[in-house]
Amino acid sequence: MNTPAHIVVNLTILAREEKADTIAPVVAGSLLPDLPMMVFYAYAKILRSIPEQVIWSQTYHAKGWQIFFDLFNSLPIIAIGYITARLAGAKRLTLLFASMALHCLGDLLLHHDDAHRHLFPLSNWRFRSPVSYWDPQYFGNIAGPLEAAAVVAGCLFLMKRYTSVKGRLLVASVAATYAVYWGYVFWVWV
């Protein structure tokens with residue numbers, strides 16, 4: 001899933017109350033597993049001017065980058081954080097780690113060639129899903145539009161759930177980010 005889709009799904013499932021101490025950690029937990037990828041892409045594209053084809057066929061697969069990605073997508077590390085936060089009674093941290101785990105479970109189901117090692121550092125195993133959210137070889141031409149429809153439906157649902165101006169601005173911002181992302185995809189990759 002794309003990062004904004006994770007935010008919509010996680011808000012829908014985990015942030016039933018429209019409170020900053022609920023919404024903020026859920027959004028942060030939705031973002032954290034993809035943060036290394038954003039850093040990677042900014043570094044490769046902006047700072048190094050590496051061509052798109054090289055970024056995704058070579059640089060992305062470098063061992064150091066893979067470790068960086070997988071640390072933030074490690075279910076054992078996230079579970080330790082969740083359990084520790086729960087035992088400490090830290091509600092916001094508990095929500096953050098729950099949101100990270102939910103993000104990783106979504107990725108587990110929708111990544112094939114770009115699958116993470118979700119059991120890292122305990123294992124180098126990767127579950128290569130038969131469905132990819134983007135790759136047409138693995139039903140990406142179906143999963144991508146379904147994701148977009150789910151994001152639109154989720155945003156409409158959240159607009160009804162969140163009645164404050166701040167809550168609705170957050171949902172509108174996520175929807176706008178998702179639209180900008182797809183604009184970038186069509187401009188750069190299609």
Side-chain angles (χ1 to χ4, degrees), residues 1-15 23-61 65-66 68-73 96 99-116 118 129 131-162 166-190:
M1 276 193 278
N2 291 298
T3 307
H6 285 292
I7 295 170
V8 171
V9 168
N10 289 13
L11 285 173
T12 301
I13 294 171
L14 296 173
I23 292 173
V26 170
V27 170
S30 301
L31 293 170
L32 276 173
D34 283 346
L35 186 62
M37 185 67 65
M38 294 173 196
V39 169
F40 158 76
Y41 188 73
Y43 170 80
K45 184 75 174 172
I46 298 167
L47 295 178
R48 298 282 315 279
S49 300
I50 299 172
E52 288 289 324
Q53 178 61 27
V54 175
I55 289 173
W56 300 114
S57 66
Q58 295 173 28
T59 314
Y60 172 82
H61 298 284
W65 283 116
Q66 287 295 304
F68 185 45
F69 303 148
D70 294 338
L71 282 172
F72 285 76
N73 286 275
L96 177 122
S99 186
M100 288 179 75
L102 188 55
H103 177 127
C104 292
L105 292 174
D107 278 356
L108 192 69
L109 299 174
L110 295 169
H111 284 256
H112 183 80
D113 289 342
D114 54 350
H116 297 293
H118 288 292
S129 174
V131 179
S132 168
Y133 75 97
W134 65 270
D135 190 343
Q137 262 188 297
Y138 302 101
F139 307 102
N141 53 338
I142 297 168
L146 286 175
E147 175 193 288
V151 168
V152 170
C155 285
L156 292 172
F157 174 79
L158 289 170
M159 283 292 207
K160 286 186 177 186
R161 177 185 279 177
Y162 299 156
K166 284 183 181 179
R168 289 186 170 176
L169 281 173
L170 169 69
V171 175
S173 297
V174 172
T177 302
Y178 192 69
V180 167
Y181 166 80
W182 279 109
Y184 184 78
V185 165
F186 284 108
W187 178 54
V188 173
W189 294 322
V190 177

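As a basis for the values below, the full set of heavy atoms in this structure was taken, side chains included, without hydrogen atoms, waters or symmetry mates.
- Scanning all heavy atoms of the two residues, the minimum distance from T12 to R161 falls at O-NH1, 3.1 Å.
- In plain terms, the two heavy atoms of A15 and I23 that are nearest each other are CB-CG1, 4.2 Å.
- Here the CG atom belonging to L158 is positioned 5.5 Å from the CG atom belonging to L11, to the nearest 0.5 angstrom.
- Interatomic distance, CG of L109 versus OG of S132, reported as 12.0 Å (0.5 Å rounding).
- Using a distance-only test at 3.5 Å, with no hydrogens or angles considered, a donor-acceptor pair links the side chain of H112 to the main chain of S129.
- A donor-acceptor contact shorter than 3.5 Å is absent between the side chain of N10 and the backbone of V26.
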**Message:** I'd like to know whether Q58 forms a side chain to side chain contact (heavy atoms under 4.5 Å, CB included) with I50, so could you lay out the CA-CA distance, the side-chain angles of the two residues, the decisive distance to 0.1 Å, and finally the verdict.
**Reply:** CA-CA 10 Å; Q58 295 173 28; I50 299 172; over 6 Å; no
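- The minimum heavy-atom distance linking H103 with G29 is given by the pair CB-O, 4.3 Å.
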**Request:** With ring pair (Phe, Tyr, Trp, His ring centres under 6.0 Å) as the test, would you mind laying out the steps for F69 and F40 before giving the verdict?
**Result:** CA-CA 9 Å; F69 303 148; F40 158 76; 5.4 Å; yes
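- From T177, atom OG1 reaches atom CH2 of W182 across 14.5 Å, with rounding to the nearest 0.5 Å.
- Of all the heavy atoms in R168 and Y162, the pair that sits closest is NE-O, 2.9 Å.
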**Request:** Would you please test F68 and W65 for side chain to side chain contact (heavy atoms under 4.5 Å, CB included) and show each step?
**Result:** CA-CA 5 Å; F68 185 45; W65 283 116; 3.7 Å; yes
**Request:** Show your working on side chain to side chain contact (heavy atoms under 4.5 Å, CB included) between W56 and H61 and close with a plain yes or no.
**Result:** CA-CA 8 Å; W56 300 114; H61 298 284; over 6 Å; no
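- Shortest non-hydrogen contact noted between V9 and M1 is CG2-SD, 4.1 Å.
- The closest donor-acceptor contact from the side chain of H6 to the backbone of G106 lies at 3.5 Å or more, if one exists at all.
- Of all heavy-atom pairs spanning A28 and L96, the tightest one is CB-CD1, 3.6 Å.
- Paired with W134 under the rule side-chain hydrogen bond (donor to acceptor under 3.5 Å, both in side chains), one option of N2, D114, N141 passes, and it is D114.
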**Message:** Pair Y178, I7 - check side chain to side chain contact (heavy atoms under 4.5 Å, CB included), show working.
**Reply:** CA-CA 10 Å; Y178 192 69; I7 295 170; over 6 Å; no
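- Under a 3.5 Å cut-off, the side chain of H118 and the backbone N or O of N73 do form a donor-acceptor pair.
- Note: D107 CG to L102 CG = 10.0 Å, rounded to the nearest 0.5 Å.
- Checking side-chain atoms of R48 against main-chain N and O of Y43 turns up no donor-acceptor pair under 3.5 Å.
- Under the 3.5 Å distance criterion, the side-chain polar atoms of H116 are left unmatched by any main-chain donor or acceptor of D70.
- The backbone N or O of S30 lies less than 3.5 Å from a partner atom in the side chain of S99, making a donor-acceptor pair.
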